[in-house]
Amino acid sequence: MIDIQLLRADLNGIAERLAGRGFSLDAQAFLALEAKRKAVQAETEELQARRNAQAKKIGQAKGRGEDVSGLMAEASGMGDHVGALQAQLEEIQRAQHDFLSAIPNLPHESVPRGTTAEENVQVRVWGAPREFGFPVKDHVDLGEGLGQLDFSAATRIAGSRFTLMKGDLARLHRAVAQFMLDVHGREHGYTEIYAPYLVNAQSMFGTGQLPKFEQDLFMVPRGDEKWYLIPTAEVPVTNMVAGEILQQGSLPLRFVCHTPCFRSEAGSYGRDTRGMIRQHQFDKVELVQVVEPALSHAALEELTGHAETILKRLELPYRVMLLCVGDMGFASAKTYDIEVWLPAQNAYREISSCSNFEAFQARRMQARFRNDKGRPEPVHTLNGSGLAVGRTLVAILENYQNADGSVSVPVALRPYMGGQERLTRGG
RNA sequence: GGAGAGAUGGCAGAGUGGUCGAAUGCGGCAGACUCGAAAUCUGUUGUACGGUUCUCCGUACCGGGGGUUCGAAUCCCUCUCUCUCCGCCA
């Protein structure tokens with residue numbers, strides 16, 4: 001949620017900054033709504049004050065044993081009038097809330113201009129793609145060749161965009177997640193969280209998935225209520241601080257959480273149809289930080305570095321991209337994507353997205369801390385994949401493949417595989 | 001799934017129609033006493049929105065929503081959640 005004070009103070013300036021990310025702010029609608037709100041709110045509150053004063057007078061007169069029928073007659077009708085005004089005010093406020101809810105976050109000043117992914121800026125590259133002395137296979141051929149990846153079973157059981165793994169590959173998948181949790185939890189100081197996979201609409205609103213992006217989610221109805229399968233652990237974990245007023249000394253909060261993630265992938269029908277790059281269900285280890293505003297951009301650098309550590313330890317080549325304004329998500333003020341090298345695609349592919357949401361989510365969630373003046377102020381929230389487990393597995397398969405179709409286990413993961421060094425057919 | 005009891009400020013806990021944003025205690029903050037601390041005493045201490053603008057003022061909020069009333073923390077309806085007992089279950 002954008003700060004309404006900013007719109008009041010500098011409407012045109014804000015509209016201009018939002019235009020950069022392809023959002024056209026209806027300034028006239030805002031001004032009209034604001035004027036109406038101001039008038040109705042002033043009138044409502046004034047009448048409420050008069051009604052309260054009158055009711056108080058009646059009470060006091062009654063206490064003295066006086067006749068109050070005259071006072072009561074004066075007051076009759078005031079209640080209905082107040083009610084009507086309140087209803088009107090609520091409607092205006094709801095409209096204003098809806099208006100604000102649909103506005104994306106303001107990009108940070110360090111974010112480059114641009115409208116598409118082509119204009120993202122490469123920040124750094126780590127590692128060099130390996131030279132294979134043989135024709136490389138993609139992860140589907142490798143996994144199926146090992147007899148450990150079965151898309152036809154997954155399709156039979158659920159449908160397209162689902163994965164079924166068996167044996168050593170399933171174990172390696174688990175090892176990857178365990179490894180990430182251990183590095184972030186034990187070395188980077190994140191507190192491990194286990195959280196609900198189904199959340200209510202309010203939580204989805206808090207992190208910005210609702211109301212605009214309901215079509216991207218799996219919704220689970222229960223009576224009149226709706227639950228949603230989480231598209232990322234960001235949702236339950238960030239909402240841990242919803243409605244809270246945190247003590248300054250308790251910040252920063254750092255959480256790591258491994259969950260499955262569920263995405264409808266509506267509107268991406270033709271993309272990445274082969275393999276496990278784009279699935280309805282995938283595992284991810286998510287990093288979340290809740291910090292003081294002044295420190296949030298330093299925290300984004302730190303968090304991104306924590307995600308990169310995983311790729312370094314796994315010795316997978318990657319690059320870090322700073323997203324341009326047009327390619328950023330709705331709630332983000334600044335985003336780095338980490339892209340891992342996939343030999344079969346001869347390309348870098350996204351494996352992590354690290355964002356600073358500044359106060360955008362905090363305002364929606366009412367997540368605050370007590371600042372130096374002792375006043376409640378919205379915190380800043382950040383998150384990043386640390387990393388997407390399925391895509392990490394894809395990267396391992398493709399980068400660690402051998403000429404005979406077997407796959408070496410990265411050294412860092414061997415302790416999680418009972419020392420096993422290789423995935424081979426029948427394993 | 002069945003039966004019962006609850007939900008009040010950071011916490012505990014009063015308050016069954018009017019001067020209640022809410023007693024009291026604890027905690028927090030400030031001050032007094034003290035060389036300092038403890039104890040004691042005094043004062044103070046919620047959030048949101050709006051107006052004004054760094055000073056105050058107004059409105060709302062006693063689990064959520066709705067109703068009765070001139071007036072609701074208090075009465076009525078409803079939902080959610082918590083606790084106890086029984087059943088079931090991983």
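Bear in mind the structure is a predicted one, so any value in this text is a computation, not a measurement. Proteins get letters first, then strands, A, B, ... in listed order; numbering begins at 1 in each.
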> Base, sugar-phosphate, or nothing: which does A/L71 touch, judged by heavy atoms less than 4.0 Å apart?
Replying inline: nothing
> Taking CD from A/Q93 and P from B/A60, how many angstroms apart are they, rounded to a whole number?
Replying inline: 13 Å
>> Can you see if the side chain of A/R363 gets near the phosphate of B/C49 - specifically, an N or O under 4.0 Å from OP1 or OP2?
In response: no
>> Going by purine N1 to pyrimidine N3 plus the second Watson-Crick contact, or the G-U wobble pair, all under 3.5 Å, which nucleotide sits opposite B/G36?
In response: none
> Could you give the CG-to-P distance, from A/D3 to B/G50, as a whole number of Å?
Replying inline: 10 Å
> Using purine N1 to pyrimidine N3 plus N6-O4 or O6-N4 for Watson-Crick, or N1-O2 and O6-N3 for G-U wobble, both under 3.5 Å, which nucleotide pairs with B/G10?
Replying inline: B/C26
> Is the base of B/G18 touched by the side chain of A/K62 through a donor-acceptor pair closer than 3.5 angstrom?
Replying inline: yes
>> If I take atom CG in residue A/N52 and atom P in nucleotide B/G17, what distance separates them, rounded to the nearest angstrom?
In response: 20 Å
> Atom NZ of A/K373 and atom P of B/U47: how far apart are they, to the nearest Å?
Replying inline: 15 Å
> With a non-hydrogen cut-off below 4.0 angstrom, is A/K57 in contact with a base, only sugar-phosphate, or nothing?
Replying inline: nothing
> Can a side chain N or O of A/R51 be found less than 4.0 Å away from OP1 or OP2 on B/A60?
Replying inline: yes
> What is the pairing partner of B/C56, taking Watson-Crick or G-U wobble pairs with both distances under 3.5 Å in any strand?
Replying inline: B/G51
> So what does A/R368 hit on the nucleic acid, given a heavy-atom distance under 4.0 Å: a base, only sugar-phosphate, or nothing?
Replying inline: sugar-phosphate
> For A/F360 and A/P104, which heavy atoms make the closest approach, and how far apart are they?
Replying inline: CE1-C, 3.7 Å
> Does a distance-only test, which skips hydrogens and angles, find a donor-acceptor pair under 3.5 Å between the side chain of A/Q41 and the base of B/G50?
Replying inline: no
> For A/M72, which contact category applies under a 4.0 Å heavy-atom criterion: base, sugar-phosphate, or nothing?
Replying inline: base
> For the side chain of A/A49, counting heavy atoms from C-beta on, which of B/A48, B/G46, B/G58 is nearest?
Replying inline: B/G58
> Considering Watson-Crick and G-U wobble pairs with both distances under 3.5 Å, what does B/G46 pair with?
Replying inline: B/C61
> Rounded to the Å, how far apart are A/R94 CZ and B/C49 P?
Replying inline: 18 Å
> If you look at every strand shown and take non-hydrogen atoms under 4.0 Å, does A/Q5 touch a base, only sugar-phosphate, or nothing?
Replying inline: sugar-phosphate
> Does A/Q86 have a side-chain nitrogen or oxygen under 4.0 Å from the phosphate oxygens OP1 or OP2 of B/G66?
Replying inline: no
>> Can you classify the ring geometry of A/H280 versus A/F162 as parallel (below 30°), tilted (30 to 60°) or perpendicular (above 60°)?
In response: tilted
> Is A/R313 close enough and on-axis enough to A/F179, meaning under 6.0 Å and within 45°, for cation-pi?
Replying inline: no
> Base, sugar-phosphate alone, or nothing: which one does A/A55 contact when heavy atoms must sit under 4.0 Å apart?
Replying inline: base
>> Suppose we define a pair by two distances each less than 3.5 Å, Watson-Crick or G-U wobble; what does B/C41 pair with here?
In response: B/G31
>> Taking the minimum atom-to-atom distance to the side chain of A/R8, which one of B/A60, B/G50, B/U47 wins?
In response: B/G50
>> Nearest to the A/R37 side chain among B/A48, B/G51, B/U19, which nucleotide is it?
In response: B/G51
>> Would you say A/N200 places a side-chain N or O within less than 4.0 Å of OP1 or OP2 belonging to B/U80?
In response: no
>> From CD of A/Q54 over to P of B/C70, roughly how many Å is that when rounded to an integer?
In response: 12 Å
>> For A/V389 versus A/A177, what's the shortest heavy-atom pair and its separation?
In response: CG2-CB, 4.1 Å
> Quick one: do the A/T163 and A/Q279 side chains pair a donor with an acceptor below 3.5 Å?
Replying inline: yes
>> Please name the nucleotide paired to B/G1 by Watson-Crick or G-U wobble geometry with both distances under 3.5 Å, or report none.
In response: B/C86
> Is B/C70 paired to anything, Watson-Crick or G-U wobble with both distances less than 3.5 Å, and if yes, which nucleotide?
Replying inline: B/G18
>> Between P on B/C49 and CD on A/E45, what's the gap in Å once rounded to a whole number?
In response: 13 Å
> Taking atom P of B/C49 as reference, at what distance in whole Å does atom CZ of A/R375 sit?
Replying inline: 10 Å
> Which nucleotide, B/A48, B/A60, B/G50, lies nearest any side-chain atom of A/Q366?
Replying inline: B/A48
